[in-house]
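Order of the sequence lines sets the chain letters (A, B, ...), proteins ahead of strands, with each chain counted from 1. From a predicted model like this one, the values you see are computed outputs, not experimental measurements.
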Amino acid sequence: MPTNVPIIALVDDDKIFQLTASKTLKATALTDKILQFENGVQALEFLRENTARPEALPDYIFLDINMPMIDGWMFLDDYESMKGQITKPIKIYMVSSSIDTRDIERARKNTNVKDYIVKPVTRDKFIELLKNVA
Amino acid sequence: MPPKGRKIAKKASAKKTVAKTKSRTEKAETAVSAKKLAALRESERQLEIILNTAPIGIWEWNIETSTVAWSGKVFEIFHLPARTFERSYETYLSLVHPEDKLRMQLLLKESLAGRDNDYYIEHRIIRPDGEERWLKVEATFKRNKKGVAVLMNGTVQDITERKLLEKDREDWKARHELVATSAGLVIYDYDIITGNILWSGNIRDVLGYDPKELGDINRWVELIHPDDRAEALAELDKALAANKRYDVYYRFSKKNGEYCHMHDRGVFLTGSDNKAIRMLGMMNDVSQRVKAEESLRESEHRFRNLQQASFGGIGLHDKGKIIDCNQGLCDITGYSYDELIGSNGLNLIAPEWRDFVLEKITSGYDKTYDVEGIRKDGSRYFVEIRGKNLPLQGKTIRVTEFRDITDRKVNEEKIAEHNKKLFAVAEELRRKNHQLQEFTQIVSHNLRSPVGNILTLLTFYENATSDEERRELIALLKESGATTLTMLDELNDILKIKQDKNIPQQDIHFEKLTHQVTSMLTARITEVKAQITFDFSQAPVIHYPGIYLESILLNLLDNALKYHSPERLPEISLLTFKDDKGNIVLVVRDNGLGINLQRYGHQVFKLRKTFHYHPESRGIGLFMIKNQIEAMGGSIHVESVENEGTTFFVNFNKPHKDAD
């Protein structure tokens, strides 16, 4: 495993997705640094606490839409307002099971979202995403 | 301004008659015989008598000595008390009318300085008693060899009566001329015996003829319009026979060939045998008036035709009182023409509209407006009114048109009703569409998600290297399968609500149902030591689908219990009441955690949205009851303050506004 591996944050309330996605990511052998957040509130709290610590901040956030409390859209709103203090460029991907075009369109329009990925996400897809950016 | 120091006026002489009074004869006397003298004395005496009886004053003014002499009559004429007034020019001058004074003084000055010995003036005086009189003064001058006047004598006479008569006559003459000329009158004096006519008046202006061109009776007959001739003559014969006033209209030829309308009025003068011998009268050119009347008649005729041809009702009214109307107004209102004329137009309007109409009339409003009319039989109809103020014969009257628009109103109402229906349908479609979108979301997120997990887990299972790993994956697969099934069941429930339009309804007692529901929740109520109170006194019963109401109550109570604050014992209160439209409203209030509505308000009633980390938060309840409530035409909304509590309001009948 390379030394400078990217840090991945999974923000999703679906425990099975958290499990399978972690396994899949690890299987890519591109990273083993995976932060897991059950919802938007936890993820935002983490970012807020670590704005000045780039070594702790994720390089990628895989963000679910449908979550209790703070959902994906609300997360993005809050992220926008705290972005200025974050000392590291973060790539955010929306990851959702929704194939509703309204969700896809909405994500595309958000400048903080790199792309919209439809679940389930395969190993190859993760590799493509990580390599592409790396 | 006396010509010399002291002047005394009054001198008799003058052209006229009487005077010529040599009151004092001088030297000649000695030359005549005594007889002659006696005769002369006698004649003087007679003259004296005449002078004293005639209303003539005699006077003499010695210019050289400035002395004045005048007879007693002069005092009378001037109305002066004899002893109190000095006989002087000044006394005379002071009585001359101010307006005549200058004229008199100038004439006197000129006459004194001139060569003519005669002096004549008529002027006014103002007597001491204030009365104005006219005087005639005649005099003669006596001059010395150098021509300087040394003596002036003459008469003074009161001519007031004559002056008044003169003035009167002049006035009459002027008046007569004025009337005849300005009125376009032709005056005639017809000698019935000879047939001659004496014409006067304003003949040239009226007819264009020279008076000589109008001849006798035959000429008159000839000039009458052939169509009117027989009647004019017949009337003349009739009037003559009965010795009545002749009063007739006919057309009369003018010199230029045109006919004018004559109004001829005449009276007869009878001779000794009581037979008419003369006829005096005047012919008045009334062409203008006749034409005006004709055109008025014509326009009235046209107006009437127009009115009758109109489909609407037309009424003319003067301050509300109908002065004319057409058949249309009778048809519309059910009144006869005679009933309408003279009646108050406002009576045709339904009472509650009268102030409105009155305001339109008084403000002179001239656009159309709709009101309700009332017929004679009391029935009502919709009427479109348009009024306009018109000047007529010096008054302002109002022409008002009535148009029965019942058909239009009925159609408008039909259209409005159709619109309402269409609107309701559109609203329903919009709701359906919204629900469909919601389902897409649900299927997309909630159903695809566990299925996607299953697929991933199956791939993992295929690649699994140990039995232990496979067992773990099987467990997860089972869990995902169960989640999927639950989701499908929930979706099925929701679909049932949406399709279940004709779900049976019954009268439900809130209190009874509350007991039922709380008994289902007993375990949790006991566990959290919740206190539940209710007041259904304002609306104890509702007609509603029982299973829905149970679901609503259960979910709201369950919610309130679930999200209670750990800092205090849960207090939950339930209340029903009727809103201002009579719709029943249920209020469920708790003192729990509350929701930050500013942040989460848009998600409250969505599926699978929870706002608290609670083990049993599934996010189905509120979504479900919202669908139930809306399916029955009601609405639900929430008010909440974080950490204070949440209140849900369910309006069972009021349609929801937003589809959210």
Answer key: most heavy-atom pairs under 4.5 Å with chain B among D64(A), L19(A), D78(A) is D78(A)
For the interface with chain B, which of A21(A), S97(A), A27(A), P120(A) has the highest count of heavy-atom pairs at distances below 4.5 Å? S97(A)
Where on D14(A) is there a heavy atom nearer than 4.5 Å to chain B: the side chain, the backbone, both, or neither? side chain
Quick one: what part of T20(A) sits under 4.5 Å from any heavy atom of chain B, side chain, backbone, both or neither? both
For the NZ atom of K23(A) and the OG1 atom of T456(B), what is their distance to the nearest 0.5 Å? 12.0 Å
To the nearest 0.5 Å, what is the distance between NZ (K15(A)) and CG (N453(B))? 12.0 Å
For atom CD of Q531(B), decide whether the heavy atoms of other residues, nucleotides or ligands shown that lie under 6.0 angstrom number more than 12. no
Does CD belonging to E468(B) count more than 12 external heavy atoms closer than 6.0 Å? no
With heavy-atom distances below 4.5 Å as the criterion, would you say the side chains of V118(A) and R448(B) are in contact? yes
Are any non-hydrogen side-chain atoms of T24(A) and F460(B) less than 4.5 angstrom apart? yes
